[in-house]
Amino acid sequence: MDTNKTYTKEEVTEIAKSVLGKTFGEINSYQSKIDEFSKGQFGHILEEDVYGYGANSSKDADFKEAGIELKVTPYKKNKNGTLSAKERLVITIINYLEDYKHNFYDSHLYEKSKMMQIIWYLYEEGKKHCDLKITHELLYSYPEEDLPIIINDYETIIDKIKKGKAEEISEADTMYLGACCKGANSSSLRKQPFSDKKAMQRAFCLKTSYMTQLVREYIGGEKIEKIIPDKKAAKLSFEDELINRLKPYYGKTVNELKELLDVNTDAKNVNELLLAKMLGVKGKVAQTDEFLKANIVPKTIRVEENGRIIESMSFPTFKFDKIVNETWNESDLYNIFYTTKFMFSIFEEKNGEYVFSKIKFWCMPLSILNNDIKDVWNKTKKVVLSGNIVKEVLPNGKRITNFPGMSENKYCHVRPHGQNANDNYPLPTEDRLTGLKEYTKQCFWLNNKYIKEIIEQ
DNA sequence: GCATGATCATGC
DNA sequence: GCATGATCATGC
């Protein structure tokens, strides 16, 4: 193997093109050994067998002369025919003790990501790794319209390190560039410069939601509407820019907004339509380039005249046989809160009419996620696993359960969420009291009182 | 008044 | 058919 091989930019891409349509089994030189190889091997096979250099995690770029980093990454086809990235694209480990000294263009992150030769393979469940096929490649550098957001993300992460809060950095804090936890236990704890608290090791990454849009754009050929097409001209961060655009509408009633924006409907999703109009979006706000890439989920919140928020906020139902077989960090609940930023549109009741009062961006603080929310999840798992779901059946047929209720935890609870009580998922353990083998679909809800606290912060 | 179980309505 | 957001019903 020639470890001194150097390539030009063109050669790197030319070689990437030469493996399109091939499986990993076809391109590796010792196929007999790798019917089943580990996940980290995908990149090594490209590095060693295709480009002919040794595995490399040094500070230099993979192709130093060309200034290019090689990235091999999976995508998948969803049941509904759409494409998604299978995972986030990890760029480089964050060095808490050093990275805060550098601005974006001066950073190790930029060095490792300013130009990346991305090679995509199609992940298919149940297939052997050697049978997975490489299908697309892209010589990628940050698009001009994404760069201001990525730089702002970098600064957000660095700011948290400077504030001595490295242990609180969540992927949902930022939009496209995330800081994801690397390592599962206390052996992955690292020192940080401005606090005595140790923080979990983290890496800079392009978020899964960002990679999904890249896949849909380059592999799927999709064109997606942007809220701010020219971000270079924008002086404010994306969030502040949105708030600025919406501010003129603060304090107006729903009826005034309908009139002003020429929305003539009494449909249930009228608030969604109004928001789109206020932002000058033709389609749905949730389906714009920025919201999809950043995994921002818009939610409407209504506050009653007396200040109460009547409804708690629901999340997707969980499958009983799935939750009992997962660890906390693998769970859907953890991943929703770890990666999702919410945009709350708040409507307040005044004199019997709803007034658009403001929007607020929010993500779940890690300190709550990994304590209270985790406790509720653990208890739920235990209830399902032990078969102790039903506590009592009332004469009217209503079933009182042992799932963690609203009064047990300040932040979230578990409650039914199906078409009706007979909309069931199978149980891994028969329910002891009733002998039921399946049970009403349930989901986690954010407590209405906690939502009130969030929007008042 | 509020927690909790249940259900409706809409859109994909 | 089902997920999701919205809402109802009951009883303490």
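In the text below, chain A, chain B and the rest are named by the order of the sequence lines, each starting its count at 1.
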Closer than 4.0 Å, any side-chain N/O of A:K441 to the OP1 or OP2 of C:dA3?
yes

Counting only distance, no hydrogens or angles, is the base of C:dG5 paired donor-acceptor with the side chain of A:H417 under 3.5 Å?
yes

A:Q419, nearest nucleotide to its side chain (from B:dT4, C:dC2, C:dG11):
C:dC2

Mind checking A:Y425 for me? I need base, sugar-phosphate or nothing, with any heavy atom below 4.0 Å counting as a touch.
sugar-phosphate

Side chain of A:P416 only, please: which of B:dA6, C:dA6, C:dA3 is the nearest?
B:dA6

Using atom CG of A:N424 as one end and atom C1' of B:dA6 as the other, report the distance to the nearest whole Å.
13 Å

Is it true that A:K449 and A:E453 make a salt bridge, defined as a side-chain N closer than 4.0 Å to a carboxylate O?
no

Starting at the 5' end of DNA chain C and moving along, which residue's nearest nucleotide shows up first, A:K398 or A:P316?
A:P316

Walking DNA chain B from its 5' end, the first of A:N306 and A:N422 to be reached, judged by nearest nucleotide, is A:N306

Any A:T440 side-chain nitrogen or oxygen under 4.0 Å from OP1 or OP2 of B:dG5
no

A:M313 CE to C:dA6 C1', in whole Å, measures 12 Å

Just the rounded figure in Å: distance from P of B:dG5 to CD of A:Q442.
7 Å

By the 4.0 Å heavy-atom rule, please label A:K284 as base, sugar-phosphate, or nothing.
sugar-phosphate

Which of the following nucleotides, B:dA3, B:dG5, C:dA6, is nearest to the side chain of A:W445?
C:dA6

Between A:K268 and A:D423, who's closer to the 5' end of DNA chain C by nearest nucleotide?
A:D423

The side chain of A:R415 lies closest to which of these nucleotides: B:dC12, C:dT10, B:dA6?
B:dA6

Candidate nucleotides B:dG5, C:dG11, B:dT7, ranked by approach to the side chain of A:A421 - the nearest:
B:dT7

How long is the line joining NZ of A:K299 and C1' of C:dT4, in whole Å?
8 Å

Report the residue (A:A267 or A:E408) whose heavy-atom-nearest nucleotide on DNA chain B is the more 5′ of the two.
A:E408

How long is the span from the CG atom in A:N264 to the CD atom in A:E259, to the nearest 0.5 Å?
9.0 Å

Residue-phosphate contact under 4.0 Å: A:R399 side-chain N/O, B:dG5 OP1/OP2
no

Side chain of A:S407 only, please: which of B:dA6, C:dT10, B:dA3 is the nearest?
B:dA3

Whole-Å distance between B:dG5 C1' and A:F444 CZ?
17 Å

Rounded to the Å, how far apart are A:I309 CD1 and C:dA6 P?
13 Å

Could you give the CD-to-P distance, from A:E311 to B:dA3, as a whole number of Å?
12 Å

Sole candidate of A:F356, A:Y250, A:Y249 that passes ring pair (Phe, Tyr, Trp, His ring centres under 6.0 Å) when paired with A:F347
A:F356

Give a yes or no answer on whether the side chain of A:K207 reaches the backbone of A:E171 with a donor-acceptor pair at less than 3.5 Å.
yes

What I want to find out is whether A:K437 reaches A:E430 closely enough, with some N-O distance under 4.0 Å, to be called a salt bridge.
yes

A:N396 CG to C:dC8 C1', in whole Å, measures 15 Å

State plainly whether the residues A:D146 and A:K226 are in salt-bridge range, i.e. N to O under 4.0 Å.
no

